[in-house]
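For reference, the structure discussed in these notes is given below.
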Amino acid sequence: MPVKLYDTLSRSVKTLTPKSGETLRFYCCGPTVYGPAHIGNFRTFLIQDTLRRVLELDGTAVKHVRNITDLDDKTIRGSEAAGLTLKDFTARWTNKFHEDCKALNMLTPSTEPSAVAHIPEQIALIEKLIEKGHAYAADDGSVYFRVNSFEDYGRLSRLKQRELKTQSENSAGAVNDADEYDRESVSDFALWKSRKPEDGNNAWPSPWGEGRPGWHLECSAMVASAFGGETIDVHGGGIDLCFPHHENEIAQSECAHGHDFCHHWFHSAHLMVEGAKMSKSLGNLYTLDDLRAKGFSPMVVRYTLIAGSYRQQLNFTFDGLHASKSALSRIERFAETLLSKTAESPERFNSTYVGPNAPDDFGRLGKAWDALLNNLNTAACLGAIFGVIGSNPAAALDASGARALLHALGALLYALGLELFTTEAKSADAPAVIMELAQARWDAKQAKDFTRADSIRDDLLAQGWVVNDYKDRFELEQK
Ligand code: AMP
Ligand code: ZN
């Protein structure tokens, strides 16, 4: 059965298949690398990762491109404040992003192009748009997209030209008086921004003078270069990007290339924290590390972020995190019961059963798989899994029946990106006092104070916890 997915453009659920060739072209707006990504960003990236997994399990090859935004007001400001070059600053946060993605068991995209690495492509795109009458240079050396030259502008977010006249958001970053003055119309947006003192050394030569590309342009240029200028099948991003970012991507790309930019628009709703918008000033902005430090494993975080329907806002709470932890343990206990029937050990569950191979028949778990195919309904999928767990099927199964169910469960867990029996999950069960002791032992060992380290190890053992050391970390296991 093909994957069905809601499309923001047509406001309907449509079948998602590659429109030409075998491979589905999937582009996602990636992180702005000026700090650690927060759990809201990860909600969006995890949903995209889950879609890719479902498509691949369903037999569709996917070319997944997710860019790195390393050139905008925030990265420039951040690098200046840190006293680093833009390159070093963004490399630091790109690495951190990759570490978090790995911990969250996200698949690596096929390519991860960056804005800075695509300046010539962006300049070429602007030249094309000027040539075709869709863009114009202002006196200060900035270049703007002429919104009223593209009749279809606003079709994704269903904004009419006249409504746009009252919008001030469409300025690709901070609105400043000079921008307002130079633009023919307030809805026109910057493709090229002439050099400003606050840009520091981050300026590139262009036919219009030194400057840098406007933020919206990078995705049009990177999509064209990654997919050879062809129409892409699906484009993902958080719902906040629908206007103006995606609207502008459509305008730039369609005016330059003369054909549809994208067939299917995939937007995920935002994550809220305890009912409020996440923000630094409210002190409710969490990163993966914040939650790990509170004892929640990345698998528990992943579960929490993907468990709700992606088209509905997710209200993140600590109660919710605890509930996810119990839900994962319940799935683990279920897998253990099945494994006892096949006489296999839980340590081998992930490598034996969790992989990108869907069984021909999901058996009792068929409803769970159908839910994923039907608009990525992760909530219904998990509901169906717990329905099966609740019916206690293991009691009536022999080894081969248990193995078939384990294969179906493993495929679903692969689709959801969840791994069971991970060692960090075991550590995460340790109470805070035990974690602190274990950390003190690790610190002592790093400082080569082996007497203290050994004494804390004995202490932990007496309390029922074994410490396992790895090259750069430790894990706790209950005796
Ligand atoms: P940024 O790093 O700001 O460029 O955003 C990266 C991705 O995270 C984009 O697809 C955004 O739409 C998405 N995003 C930002 N905030 C949230 C949030 N609170 N919940 C879900 N997605 C978000
Ligand atoms: Zn984008």
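Order of listing sets the numbers, starting from 1, for every ligand and every atom in it. The first residue of the sequence shown is numbered 1, and numbering continues consecutively from there.
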Closest to the Zn ion (ligand 2), which N/O/S atom of E249 is it? OE2
Between T32 and ligand 1, which part of the residue brings a heavy atom under 4.0 Å of the ligand: side chain, backbone, both or neither? both
For SG in C29 and NE2 in H245, the angle at the Zn ion (ligand 2) (nearest 10°) is 120°
Which of these passes side chain to side chain contact (heavy atoms under 4.5 Å, CB included) with R212: I119, D199, V116, L217? D199
Per-pair distances, 0.1 Å, donor-acceptor, side chain in residues 227-242, under 3.5 Å, sequence neighbours excluded:
unit_1	atom_1	unit_2	atom_2	d
T231	OG1	H259	ND1	3.1
T231	OG1	D260	O	2.7
D233	OD1	K19	N	2.8
D233	OD2	R25	N	2.8
H235	NE2	E249	OE1	2.6
D240	OD1	H270	NE2	2.9

Does D240 reach ligand 1 with a nitrogen or oxygen that is under 3.5 Å from one of the ligand's nitrogen or oxygen atoms? yes
Do D290 and T287 meet the criterion of a side-chain donor-acceptor pair at a distance under 3.5 Å? yes
State, without any angle test, whether D72 and Y34 hold a side-chain donor-acceptor pair at a distance under 3.5 Å. no
Do S10 and S12 get their side chains close enough for a donor-acceptor pair, meaning under 3.5 Å? yes
Is it the case that R52 and H64 place a side-chain donor and acceptor less than 3.5 Å from each other? yes
Any nitrogen or oxygen of A269, side chain or backbone, less than 3.5 Å from one on ligand 1? no
Does M272 have a non-hydrogen atom less than 4.0 Å from ligand 1? no
Counting from 1, what ligand 1 atoms have a heavy atom of T44 closer than 4.0 Å? 10 (O), 13 (C), 21 (C), 22 (N), 23 (C)
